Each structure stands twice: as C-alpha cells, then as structure tokens.
Amino acid sequence: MKYYLLKTEPQTFSWQTLKEMPAQTTIWEGVRNYQARNFLRAMKKGDLCLFYHSNVTPNIIPGIVKVVREAYPDPFAFDSRSKYYDGKSDPQNPRWFAVDVQLAEEFVTPVTREQLKEIPELAGMELLKTGSRLSVQPVSEREFSIIRKLGAKAGG
DNA sequence: GCCAACGTTGGC
DNA sequence: GCCAACGTTGGC
C-alpha cells in the first residue's frame with residue numbers, strides 16, 4: 001500500500017463537500033501537471049491519501065481518503081465547457097487522468113500545516129518544501145502514520 | 001534547444 | 001495583496 005497527499009482549495013472542492021457526496025465518493029479531476037498526473041496513474045485501489053486544503057487560513061488536513069477507482073481518462077479534458085478542457089488531449093491517447101476517492105477517515109482534530117512544521121521528522125515532506133506546488137504527491141509510510149496519529153488525537 | 005516572458009500556485 | 005517559485009509557451 002502506498003500513501004499520497006491530495007491538494008485542493010476549499011473554494012474549489014472542500015472536505016465538507018466530499019462528506020455530502022453520494023457514498024462520500026468523488027472523481028479527482030482537473031490535475032493538469034505531468035508529475036502529478038504520473039502519481040495519479042501510479043495509485044492503486046486501497047491506497048490512502050491525506051486530504052490537504054491549500055490557499056486558505058489555516059491550511060489543514062481534515063482527514064484521509066482512499067482510492068476506490070484507479071486512473072482513467074479525465075472526462076473533463078474532453079469537455080469544451082469545462083475549465084479543465086484541454087483541446088490537445090486526444091481521446092484515443094488521453095493526456096490527463098483521474099481517480100475516484102472515498103472518504104476513509106475524518107480526523108478528530110484537523111491537522112494544521114503549523115503542526116506539521118513543528119515536527120522534525122516531517123521536515124523532508126514535499127508539502128513543506130519551499131515553492132512546492134505539486135498537487136498530487138507521495139507521502140512516506142512514516143510521515144503518513146505520524147500525521148494520522150496527530151489527527152486521531154483529541155484536542156490537537 | 002535555449003531562454004525570456006508570462007501565467008499560476010500558494011504560503012505568508 | 002505580495003511575491004517567490006515553478007511550469008509552460010513560443011520566438012528565435
């Protein structure tokens with residue numbers, strides 16, 4: 001099993017919205033960066049992802065989602081009305097992919113970026129690197145387990 | 001293939 | 001709102 005982190009701006013797609021989705025499941029679409037795309041394609045059913053809210057104060061991880069459908073062509077890339085439309089993506093040879101994820105675990109206490117920065121073992125995390133913009137990124141088992149424990153702890 | 005210009009991301 | 005970091009575009 002592998003671990004990842006998925007970034008989303010709450011104004012685009014929030015944890016709350018996910019909770020209200022049927023079966024608390026959503027397509028993870030709109031990834032338009034090749035490196036992020038490659039991580040999406042590497043995901044296997046059952047892999048777990050930290051759900052990260054970027055571009056908001058505070059930045060938090062409210063919980064964990066799991067991959068319930070492995071990578072398939074991102075339908076939004078072919079929809080000319082979508083902001084994620086990419087005319088250069090050929091349906092016969094799709095350029096962009098999506099996965100489906102389902103809410104797996106809601107943290108008792110959302111984990112904040114501030115908290116993460118205080119933990120020496122997390123200093124190497126991609127998320128915390130200056131200028132990191134990768135919206136889909138791998139997380140080590142160790143990092144994942146530390147963050148999961150933080151979230152499970154009542155009172156932060 | 002280089003690289004300047006430009007647009008976007010995202011923490012602060 | 002600022003701006004550094006980064007990815008992409010396109011002229012040459």
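Computed from a predicted model, the values in this text were never measured in an experiment. A note on names: the letters A, B, ... follow the listed sequences, proteins ahead of strands, and every chain is numbered from 1.
For S14(A), the side chain to side chain donor-acceptor pair (under 3.5 Å) partners two or more places apart in sequence, or in a different chain, are T17(A). Partners of N33(A) by side chain to side chain donor-acceptor pair (under 3.5 Å), not counting sequence neighbours: none found. Remark: Q11(A) pairs with E9(A) by the side chain to side chain contact (heavy atoms under 4.5 Å, CB included) rule, at least two apart or across chains. Every side chain to side chain donor-acceptor pair (under 3.5 Å) that Y72(A) has, sequence neighbours left out, goes to D100(A). A search for salt bridge (Lys or Arg N to Asp or Glu O under 4.0 Å) contacts involving R69(A) returns nothing, not counting sequence neighbours. Looking at residues two or more places apart in sequence or on another chain, you find no side chain to side chain donor-acceptor pair (under 3.5 Å) involving R41(A).
In the region residues 121-130 of chain A, proximity to DNA chain C at under 4.0 angstrom, judged on heavy atoms, holds for T130(A). The stretch residues 51-64 of chain A comes close to DNA chain B through Y52(A), S54(A), N55(A), N59(A), each having a heavy atom under 4.0 Å from the strand.
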All N/O donor-acceptor pairs, side-chain side in residues 120-131 of chain A, below 3.5 Å, sequence neighbours left out:
{"from": "E121(A)", "atom 1": "OE2", "to": "R142(A)", "atom 2": "NH2", "distance (Å)": "2.4"}
{"from": "E126(A)", "atom 1": "OE2", "to": "S132(A)", "atom 2": "OG", "distance (Å)": "3.1"}

Anything under 3.5 Å between a donor and an acceptor, one on a side chain of residues 18-26 of chain A, the other on a protein residue two or more places apart or in another chain? List them.
{"from": "K19(A)", "atom 1": "NZ", "to": "E106(A)", "atom 2": "OE1", "distance (Å)": "3.4"}
{"from": "K19(A)", "atom 1": "NZ", "to": "E106(A)", "atom 2": "OE2", "distance (Å)": "3.1"}
{"from": "E20(A)", "atom 1": "OE2", "to": "Q16(A)", "atom 2": "NE2", "distance (Å)": "2.9"}
{"from": "Q24(A)", "atom 1": "NE2", "to": "K19(A)", "atom 2": "O", "distance (Å)": "3.2"}
{"from": "T25(A)", "atom 1": "OG1", "to": "A23(A)", "atom 2": "O", "distance (Å)": "2.7"}

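Among the heavy atoms of the strands, none lies under 4.0 Å from S135(A).
Here ring-ring contact (aromatic ring centres under 6.0 Å, His included) pairs that include residues 131-153 of chain A, with residues two or more places apart or in two chains, are Y3(A)-F144(A).
Taking the 5' to 3' direction, DNA chain B first and last meets chain A under 4.0 angstrom from a heavy atom at dG7(B) to dC12(B).
Ring orientation note: the planes of W28(A) and F51(A) are nearly perpendicular, at an angle over 60° on the 30°/60° scale.
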